[in-house]
2 protein chains.
Amino acid sequence: MAQVLVAPRVRLNRDRVLQAAVGLADQVGIEALSMRRLAEELGVVPMALYKHVANKDELLDGMVEVIVAEIDPPARDAEWKTAVRLRVLSARQMLLRHPWARSVLESRTTPTPAVLDYLESTIGIFLAGGFTVDLTHHVMHAMGSRMWGFTQELFDASADPAQPPADPAAQVAQIQAMTERYPQILQISNAAAHDDSVVAHGCDDKFEFEFALDLLLDGFEQLQAAGWSSSPATPTA
Amino acid sequence: MAQVLVAPRVRLNRDRVLQAAVGLADQVGIEALSMRRLAEELGVVPMALYKHVANKDELLDGMVEVIVAEIDPPARDAEWKTAVRLRVLSARQMLLRHPWARSVLESRTTPTPAVLDYLESTIGIFLAGGFTVDLTHHVMHAMGSRMWGFTQELFDASADPAQPPADPAAQVAQIQAMTERYPQILQISNAAAHDDSVVAHGCDDKFEFEFALDLLLDGFEQLQAAGWSSSPATPTA
DNA sequence: ACCTGAACACCGTTCAAGT
DNA sequence: ACCTGAACACCGTTCAAGT
């Protein structure tokens with residue numbers, strides 16, 4: 001009876017801990033990822049983890065390192081605009097693989113090396129493309145979260161899997177109420193709908209993302225061509 | 001001895017609970033806001049709160065209602081561009097008053113009435129300005145978090161007050177190491193510096209925010225003037 | 001109708017002990 | 001050097017009871 005439960009076959013190390021954490025977050029979501037749950041997953045007592053990460057915050061930092069390293073390096077021999085576009089869309093692919101990544105990226109307050117590497121090489125694309133340091137600075141700010149492959153989705157329905165399915169009658173009533181109270185929201189949300197009989201069908205996320213991204217990239221291009229500098233307070237495109 | 005501790009003078013109600021929660025979050029930060037701590041603040045036992053909010057999630061929804069209502073209504077008799085600009089900058093003021101608001105707004109998955117009101121009237125500005133429903137749809141997406149008065153700040157130093165002050169010698173060494181490893185990041189972060197002897201002096205947040213905002217607004221304007229429609233896959237400004 | 005007390009099932013983390 | 005066990009100080013929330 002005593003020796004039946006297997007001891008951990010492989011010795012624990014930092015990388016095994018981080019990989020397991022990423023995998024567990026992918027499976028059960030970030031709010032269900034606790035030190036205790038992760039330890040259980042690794043067949044180990046909670047305190048064993050603390051030999052490999054100082055605390056939960058450092059665990060999250062480590063998870064960020066893992067996923068940021070998944071982003072493709074900048075395309076060599078490409079025009080700046082395509083290079084930035086490809087890079088950002090690669091980041092976006094990473095985010096689709098790890099739905100929890102957005103909130104974790106946003107929660108970190110100090111950049112880890114992989115993150116700095118990502119920034120450094122992205123900045124490099126603009127500078128190599130002939131952008132001034134000044135313009136590159138503002139352009140990086142303007143990219144904001146879009147640099148990570150996401151915009152702020154106002155309501156991320158996919159992030160709320162615990163939504164109870166309402167019965168059809170109540171749904172119809174709800175839509176009717178919405179139409180009266182928020183007619184313009186309804187109009188807008190139907191704009192992208194091929195069939196507009198039902199509200200809930202979602203937008204084309206990729207299209208929306210690229211719409212804003214290209215708008216910004218085109219704007220950057222115009223500023224650069226015009227020799228923009230931050231001396232005047234307001235940019236005029 | 002028995003009657004010394006005052007009973008709650010004022011009867012608890014939903015609004016008192018929400019106001020107290022907003023105030024407490026302003027003071028101690030969102031991660032320190034617990035049901036238990038809030039109850040203590042109100043001189044009441046934790047479970048007393050549950051008569052007025054169903055659970056902590058509903059408390060957070062209620063807090064969002066309170067702060068979104070603080071945003072100024074749309075300016076009457078203004079051109080769409082100034083109207084949107086004013087509105088967004090008013091939202092930004094609200095966010096500066098409530099540093100926790102960003103993460104809470106982002107965490108909500110279903111919109112509350114005040115949020116829907118905000119969206120509805122913002123959409124109204126574009127439609128009244130002659131935007132098609134189609135273009136307005138994409139424009140609202142492109143605004144993303146900027147609609148709430150913030151862009152994704154990559155590293156929000158102000159959100160991390162628990163940073164230990166490093167000694168000057170270590171700081172110099174750190175800067176030296178950074179210069180070698182991340183020369184371009186350093187160049188960029190110095191672009192906005194008046195004196196570039198020290199790294200840590202921060203960017204002009206307001207300038208950066210308005211830079212991106214105006215870039216988008218100018219882009220919207222050009223699309224509208226050109227009679228843009230979503231039929232072609234990629235917008236060409 | 002509103003508030004309370006005790007309890008349950010969780011957290012992250014410390015500290016002293018085992019091998 | 002690495003893992004363990006028991007304990008501490010927290011959570012959100014249920015349930016049965018008080019007034």
Side-chain angles (χ1 to χ4, degrees), chain A residues 1-21 24-25 27-64 100 103-104 107-109 160 162 164, chain B residues 1-21 24-25 27-64 100 103-104 107-109 160 162 164:
Chain A
M1 213 69 154
Q3 284 162 281
V4 170
L5 293 173
V6 282
R9 307 140 207 280
V10 197
R11 196 64 145 296
L12 222 51
N13 60 41
R14 194 167 202 274
D15 205 62
R16 279 222 320 134
V17 170
L18 298 182
Q19 295 295 344
L24 189 55
Q27 282 174 47
V28 303
I30 197 67
E31 65 297 322
L33 177 83
S34 66
M35 297 296 275
R36 294 172 119 107
R37 177 85 195 264
L38 176 59
E40 194 185 16
E41 202 75 10
L42 285 162
V44 105
V45 93
M47 281 316 297
L49 301 176
Y50 286 79
K51 278 281 121 139
H52 303 102
V53 290
N55 48 39
K56 192 173 183 184
D57 242 57
E58 203 193 85
L59 176 75
L60 293 172
D61 276 338
M63 293 169 72
V64 166
W100 48 271
S103 70
V104 174
S107 73
R108 307 293 80 205
T109 53
D160 195 10
Chain B
M1 214 67 157
Q3 283 162 283
V4 171
L5 294 174
V6 282
R9 309 140 205 279
V10 197
R11 197 62 146 296
L12 223 52
N13 60 43
R14 194 166 202 273
D15 205 64
R16 277 217 329 132
V17 170
L18 297 183
Q19 295 295 343
L24 189 55
Q27 282 174 47
V28 302
I30 197 68
E31 66 297 323
L33 177 82
S34 66
M35 295 298 275
R36 293 171 119 107
R37 177 85 195 263
L38 176 59
E40 194 185 15
E41 202 75 12
L42 285 162
V44 106
V45 93
M47 282 316 296
L49 301 176
Y50 286 78
K51 276 283 121 136
H52 303 102
V53 290
N55 49 39
K56 191 174 184 183
D57 242 56
E58 204 194 85
L59 176 74
L60 292 172
D61 277 338
M63 293 170 72
V64 166
W100 48 271
S103 70
V104 174
S107 73
R108 307 294 78 205
T109 52
D160 197 8

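Proteins get letters first, then strands, A, B, ... in listed order; numbering begins at 1 in each. Only heavy atoms go into these numbers, but all of them, side chains included; no hydrogens, no water, no symmetry mates.
Set against D/dG5, C/dT4, D/dC3, the side chain of A/Ala48 has D/dC3 as its closest nucleotide. Checking C/dT13, D/dC2, C/dA6 against the side-chain heavy atoms of B/Met47 singles out C/dA6 as nearest. Closest to the side chain of B/Leu12, out of C/dT4, D/dA7, C/dC3, is C/dC3. Each of C/dG12, D/dT13, C/dT4 was ranked by its minimum atom distance to the side chain of B/Asn55; first place goes to D/dT13. Each of C/dT14, C/dG12, C/dC2 was ranked by its minimum atom distance to the side chain of A/Arg36; first place goes to C/dG12. When the nucleotides C/dT13, D/dC3, C/dT4 are ranked by their closest atom to the side chain of A/His52, D/dC3 comes out on top. Of the listed nucleotides (D/dT4, C/dG5, C/dC11), C/dC11 has the atom at the smallest distance from the side chain of A/Ser34. The listed nucleotides are D/dG12, D/dG5, D/dC2; the one nearest the side chain of A/Arg11 is D/dC2.
D/dG12 is paired with C/dC8 under the Watson-Crick or G-U wobble criterion, all donor-acceptor distances under 3.5 Å.
Note: CE (B/Met35) to P (C/dC8) measures 21 Å, nearest angstrom. Put simply, NZ on A/Lys51 is 13 Å from C1' on C/dT19, counting in whole angstrom units. In this structure, CZ of B/Arg37 is placed 15 Å from C1' of D/dA9, rounded to the nearest angstrom. The nearest whole Å value for the distance from the CG atom in B/Leu49 to the C1' atom in D/dT14 is 15 Å. Between B/Asn13 atom CG and C/dA1 atom P the separation is 17 Å, expressed in whole Å. Regarding A/Asp57, its CG atom lies at a distance of 11 Å from the C1' atom of C/dG12, rounded to whole Å. Whole-Å rounding puts the B/Leu33 CG to D/dC11 P distance at 10 Å. As a whole-Å value, the separation of A/Lys56 NZ from C/dC10 C1' is 12 Å.
Here the CD atom belonging to B/Gln19 is positioned 10.0 Å from the CE atom belonging to B/Met63, to the nearest 0.5 angstrom. B/Gln27 CD to B/Leu33 CG: the interatomic distance, rounded to the nearest 0.5 Å, is 11.0 Å.
For A/Glu40 (side chain) and A/Arg36 (main-chain N/O), no donor-acceptor pair under 3.5 Å exists by modelled atom type. A donor-acceptor contact shorter than 3.5 Å is absent between the side chain of A/Arg108 and the backbone of A/Leu60.
Counting heavy atoms from C-beta outward, B/Leu59 and B/His52 have side chains that stay 4.5 Å or more apart.
Remark: B/Tyr50 is not in phosphate contact with D/dT14, judged by side-chain N or O atoms under 4.0 Å from OP1 or OP2.
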